[in-house]
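In what follows, a single structure is set out as structure tokens and then discussed.
Numbers restart at 1 for each chain; the letters A, B, ... are given by sequence-line order, proteins then strands.
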Amino acid sequence: MFSTLLQNLFNALQWGSFYSMIALGYCLVYGVLRLINFAHGDIFMMACYFAFFIASWFLGNLAGMPGPIIFGLTMILTMVATSGLGLFIERVAYRPLRKKGAHRLYVVITALMLGFILENGNLAVLGASSRRFPDMFGKIVFQFAGVSLTNYKIIVIVTAVLAFALLNLIVNSTKIGMAMRAVSYDKFAIPLMGIPLNRIITFTFILGSSLAAVAGILFGMSYPVLDPYMGMIIGWKAFIAAVVGGIGDIKGAFLGGFILGFIEIIVVAFFPSSYKDLIAFVILLVILSVKPTGFFGVAKSTKI
Amino acid sequence: MSLLKINDMTHRFGGLTAVSNLNYELEDGKIYGLIGPNGAGKTTVFNLVSGFYNPSMGEINYNGEVINGMAPHDVASRQIGRTFQNIRLWEDMTVLENIKMSHHFKLGYNLIDVFFKTKKYQTREKEITEEAMELLEVFKLTDLAHERPSSLPYGIQRRVEIARALSLGPKLLMLDEPAAGLSTADVVELIDYIKWVHETFNITIWMIEHQMQVIMSLCDRIKVIDFGQEIADGVPEEIQNNPEVIKAYLGDGAI
Amino acid sequence: NGQSDEKVIKIGFNIPLTGDSPKVGEGTKFAAEIIKEQINGEGGLEVGGEKYMLDFIYVDNELKAESAVSAAYKLIEQDQVLAIVGPDTSSRAIPAGQVANDNRTPLISPWSTNPNTTLDRPFVFRACFLDPFQAPVAVKFADSEFGVEKAAIMYNLEDDYSKTLAGLFKDSWEAINGPGSVVAFESYGQKDQDFSVQLTKIAASDAELLYLPSFYNKVAMIVPQAKDLGWDKPVMGSDSWGSADLVKLSEGAVKGYYFTTHYAAAGAKGATKEFIDTYNAKYGYVPDDVGALSFDAVNIVLQAIQDAGLTGDLKADRVAIKDAMTAITSYPGITGNMTFTPEGDPIKDAVVVKVNDAGEFEFVANLQP
Amino acid sequence: MDNAITLVNKKHINLWPAVLGGGALIILGLVLGGVINQYIQTVLMFIGINIILSASLNIVNGYMGEFSCGHGGFMLVGAYTSSILSVLFFTKSPWLGAPLLPPSSAVFLFPLVIIGGGIVAAFAGLLVAIPSFKTRDDYLAIITIAANFIFVSLVNNLEFIGGSRGFMGMKTTIYAMEDVADLPFTLIWTMVFSTLSVFLIRRLMRSTFGKGISSIRHDEISAEIMGVNTNNMKIVAFMVSSGLAGIAGGLFAHVLGFINPSSFNIMKSTECLVMVYLGGMGSLSGSVLSAVVFTFLLEVMRPLQILKWVIIPLMLILLMQFRPEGLMGNRELTDIFPKLKPYFKRRDL
Amino acid sequence: MMLEVKDLKVKYGNIEALHGLSFNIDRGEIVTLIGSNGAGKTSTLLSLSRLPQPDAPKVIEGDILFDGESILGTEPHLLVQNQMMVLVPEGRHIFGNLSVMENLELASYPVRNDTQFIGETKDQIFSLFPRLYERRKQRSESLSGGEQQMLAVGRALMTGCKFIMLDEPSMGLAPVLMYEMFRALKELNKKGITILVVEQNAKVALDFASRGYVLDTGEIIAEGTSEELSANKDVQKAYLGG
Ligand SMILES: Nc1ncnc2c1ncn2[C@@H]1O[C@H](COP(=O)(O)OP(=O)(O)OP(=O)(O)O)[C@@H](O)[C@H]1O
Ligand SMILES: Nc1ncnc2c1ncn2[C@@H]1O[C@H](COP(=O)(O)OP(=O)(O)OP(=O)(O)O)[C@@H](O)[C@H]1O
Ligand SMILES: [Mg+2]
Ligand SMILES: [Mg+2]
């Protein structure tokens, strides 16, 4: 019993880490632009594919290199590629709308459409076969006290925590982070402070996409079957997690991811697994009813 | 008889006491002024009375009824009208529609009537429109009935907002900085306008304002608060010469 | 070449090319293309002494019920097809089958295993066996092969196919091993990617066998995760395992496991081997069982057309084709010999296949429940 | 000045009923004359259903300015309720066996079955409406998504109505109706209900009562201070919106003859969202137009297979770039073609 | 000549709001623009600060020269970053989710390396507006209207710009504060900061400024020193309330 609990604790930590990392990406873009970037789940999916191709290329052409080096190289290149994608999307789809002063929900719908394009474009280009993510440095299974742990699990959890710490530092303790928060409140006044608005937004998208890239690689390693629709539901759920944490707040997204991960896993552990969504979402509903702005969210109080 | 009576009201935001032990009594038919430095808690007092906040302590008695704890729309339906420091008209509705909304709590028909366009619904809608048009006529706003507020000059928007508050048929009208953002010439007009409203509708007016010209020429009685506490209360001359008020609020007028 | 008087036979395909399992639609489409190329290459299909060119119209049903319905109407009314192949999966095949039956157009689903698809619908057929058939076969095989008593089942809650099989397996298993012999009955969602808790539960139970009636791409995720969590006992699967991608995606984690299916690719002979080789040469992978079943389905339709003959009156031809299909007493398909029940369901053997060490699907047994 | 006066006094001919009724009659004539085949009828039915969906979602997302992304869930509730009623009353049901009523009575009672689904869905809307008192914006969006997931998951777990295997038997009701009179009943009722929905929403949103809903979008505080009970209005908005979605669901179920929970998942909800914003927030004609355009596009692009789902989103993105407020913005048809105004204005006012 | 506006024509969509405006400001001056509601004062300032908002006014004719060079093609943030000019906008536009202190720090972006300047300016602001110091850790959206106004002015000072434009800075301020603020601005002016202030309250504005322009429906109808304008009968009648 105890070992099952412990096992599930690790399961939840790993699963929650992915929700957290993706939720952080949502949260960053949301925190700055108040844009629910529904394409984020699919950017994450694309990151998996980028990593797949990059890692496969390295493994094919740099055979014999130590795994961690290949991993590092893949990580860097994937982050570059994914950031490029994120920036491209921002440039061609979001920025023009922003310039025209479109209602924010139109930008949200554009994001949704972009998600469709990424999913189905991928399907059209790469075909219907799922891909197997290559193994970069051998999975090791540790067994102790009836608990099975893999080295991947540990890497995932540690990375999620590090990513959060880094982001938290950037957003809350640097000037650019301060600027990011300021943009979210009032884009109008940003240039008045001599701050280039577009540069802040660009930076945000780079950060968010890089995070998706990190999550993408680790996800590929942990759940190595890639398909074009893999980012959809995890994306939606990560968004939910971000909101439950209090959208726009880094701590909230991080925590929200783990909360959702834990809820899902605990529900399955103690109830018939078919009730997973039912119970998990009822719990979320209750949380939001009690805390209408999530755990860390502050309601944008309107001055009367 | 007092129309509004506030007993020992205190309100805190977290650790900050915005209003503390305030007592207030408004009598029927007069014009009252509430002034004080920025952040003194004036708007908070208005918000407490109109039901947006529930006072941490104390009691608000309006027309013989305790109204603290009521939702704002319930307060409004007891005929308290107000305007806001920043204009809050519905910019996507016409002036007429803005005015008509005051009937919402006393429509007398329901969803089913709307769906089936019953006689009741039709007559009520007609009455509401007519009443609103009448009111607009009294305010000489008939020409603008079908304009959207955002296309109107600022001064006019202020007037529309006051007209909207009056369309509730209030006994008490609360004005939060009605002269803010108005040019000097418009301020002069506003003073006349408020006088006219007061006489025509025979109501109690309670206003917050930083332009002394407005306060001093309109108010029968003025209360000054600072840090949520009363520092003076009296007729305009007393207030104008009260050294404490001069120090905390009025200043010496020199630039 | 611009000859407008060329005679054609139009057959419609109502298949998922987008949505969660585009690979299924692709299998049907590719198999059909092979037939079309071959027959059209020979100058067309001979019906009543005349050659007809085949015109296959592929319509994407997006794996949505409503889309499958309008696709069916489109094929029947707009494209005026003689017969429809597909939808592949039951949630689409049931409503689309209704449309075909109402409009008196023969429809054959290659892969829909739910009884309701053909029930009370004379115009609707299928090329595969039914769920109530497959599950007992699996139980029977497991019982004789492993001789274990406690089983765990894990299925996809949102997939009627998976859920039905899981239920039927449970019933059959408990009929043999007594109530309570299914010690874990776990589910997951269509889009789930992490199965660790369910698997933790299963690993912690005293199950000696895991039955996994899941899509091959889920299997490829579930099995390695199960192994990571310490599951080292056998796993059995259903026909949805039958994809060439299974071994690749799971990196061989499924080697040594068994599943019930329609045909075995490894060691196939004759027409079956010919089909597999052609398919593999053309598309670069061994066809999945959907491909093979679609191949049979299309050929049954063509056979029926040849049997019935064509008058040029679409409505009459459709009815004639349906009658001819009903009349087929024995059809030697590449997935085995089949005859049709009056319901339109084939009677055929299930095949038990083992994923051998080379990663091939090796024939183990032909079984009837 | 003159503007106001004319509105009050001059009587206009209201062309709406004529246009819609005439259109419906023409369609019916074409159907019976065999000009419109069943495929086009099906497309018309889906257009009708989508009109109800987008127009009803517009109440919440457009007029009230919230962001509800769980419309599919309410559609599910309506679809299952009316399907169960339909099977229970008019066909051999798995629970009670014999039909409760003679099947031929479906001709008269069918609309009640659909409305029954709508009513239950309206009450399901409370699940979202009540949290909306305190919760707003994206937090409320999550509640609506959660509601969608909950409904889908609930039905997946309800074995007696088939769970994920789906539920069927509704076609039998339609056949029973067609036995009485050989008419395209599903098409007729879809047209009737979609027209009615648009009418009702139009009435609601033009009444002072319904304007209370719009007042929340722009300024909830103003609304309160003018005596609008915003909580009540939220309940009304959500219940009407989800009720109509339920009606759309009931029709959907009877058009298909088979439903399963995954037809109403979050993807369905996103389709509804796309239609609302494509049409323009708070524009009823926009919702109708976009439902027509969207459904039509989906059908026309079918031959493109996979590329369909690349090209349609691309077109919509481009459209947003040129019309960043949807096809109609928040205007109505009569604002774009002012000459039409006299013919489509309400007579009262 | 520090700022020279030549024949400025500005449109919102199709509506022309300014019909050929010309005025200039010398280094070290305090100049005011007065006029009734809707005269185009805010439009003028927005045109000068070149904000890229969707509903910002578009300059269709004329030129704006800063130190003799046209700034029409300059990106708005560069105007501030190069410490040319900064606007305290109508409606304050403070960053409500940041604390008072963070608002000020963020505004020091153009001078981010000059810690001495930042420190001194902060002290200056806090001694000017002690209330801000009390509230320095508070989320600024919960400040009262007047407090927000102080913050907006403080923020402009933090940018280190030598030319400050203020759009109705006295709006919503208590009288004592208004006087104090104008006195403080005068102090700043003595330290070399040029000021262009838009005011509704013409009397106060003319007391404060050395020179002024009177704007009416997008055109300048009078200009002169404060004394001249205050003495002008028409101006008195239309803008000084008698
Ligand atoms: N929602 C809130 N949360 C926290 N503090 C608040 C809130 N609303 C107001 N305050 C604080 O309460 C005090 C009183 O604010 P209030 O708006 O009542 O001032 P005021 O007298 O109207 O000032 P002004 O004349 O500048 O409008 C201020 O210090 C303000 O910062
Ligand atoms: N975003 C906008 N779109 C269209 N017209 C506008 C816009 N902003 C201002 N206007 C119009 O431009 C003219 C000048 O407005 P502006 O705001 O510059 O006046 P102002 O002198 O600052 O007035 P106030 O004293 O009320 O602030 C007005 O007629 C106004 O209606
Ligand atoms: Mg105030
Ligand atoms: Mg202005």
**Report entry** Neighbour count >12 (heavy atoms, 6.0 Å) for atom CZ, Phe133(D)
**Finding:** yes

Query raised in the report: Any idea which heavy atoms bring Met101(B) and Val228(D) closest together, and the distance?
Result: CG-CG2, 3.7 Å

**Report entry** Separation between CE of Met233(D) and NE2 of His104(B), rounded to the nearest 0.5 Å
**Finding:** 4.0 Å

Report task. Mind checking the CD-NE2 spacing from Glu91(B) to His218(D)? Nearest 0.5 Å is all I need. Result -> 4.5 Å

Report summary line: Between Ala76(B) and Ile225(D) the two heavy atoms that sit nearest each other are CB-O, 3.2 Å

Query raised in the report: By a 4.5 Å heavy-atom criterion (distance strictly below it), what part of Asn98(B) contacts chain D: side chain, backbone, both, or neither?
Result: backbone

Requested in this report: Might you point out which heavy atoms bring Asp219(D) and Trp90(B) nearest each other, and give the distance in Å?
Outcome: O-NE1, 3.3 Å

Query raised in the report: How long is the span from the CG atom in Asp74(B) to the CG atom in Asn229(D), to the nearest 0.5 Å?
Result: 7.0 Å

Query raised in the report: About how many Å separate CZ of Phe209(D) and CZ of Arg124(B), when rounded to the nearest 0.5 Å?
Result: 13.5 Å

Report summary line: When rounded to the nearest 0.5 Å, the distance separating OG of Ser207(D) from CD of Gln122(B) is 12.0 Å

Requested in this report: Could you grab the distance from atom CD1 of Ile221(D) to atom CZ of Phe84(B), nearest 0.5 Å is fine?
Outcome: 6.5 Å

**Report entry** Heavy-atom proximity to chain D below 4.5 Å, by part of Met93(B)
**Finding:** side chain

Query - Donor + acceptor pair across side chains of Thr208(D), Glu125(B) (<3.5 Å) - result: yes

Query raised in the report: Do the side chains of Lys100(B) and Lys211(D) get nearer than 4.5 Å, heavy atoms only?
Result: no

Requested in this report: Heavy-atom distances under 4.5 Å only: say whether Leu111(B) touches chain D with side chain, backbone, both or neither.
Outcome: both

Query raised in the report: At their closest point, which heavy atom of Phe105(B) faces which heavy atom of Met226(D), and how far apart are they?
Result: CD2-O, 4.3 Å

Requested in this report: Report the C-alpha distance between Arg217(D) and Asp92(B) in whole Å, list the side-chain angles of each, state the deciding distance to 0.1 Å, and finish with yes or no for side-chain contact (heavy atoms from CB on, under 4.5 Å).
Outcome: CA-CA 10 Å; Arg217(D) 161 165 78 171; Asp92(B) 51 355; 3.5 Å; yes

Report task. Kindly determine whether Arg164(B) and Ser222(D) satisfy side-chain contact (heavy atoms from CB on, under 4.5 Å), including the steps that lead there. Result -> CA-CA 10 Å; Arg164(B) 185 180 72 169; Ser222(D) 270; 3.2 Å; yes

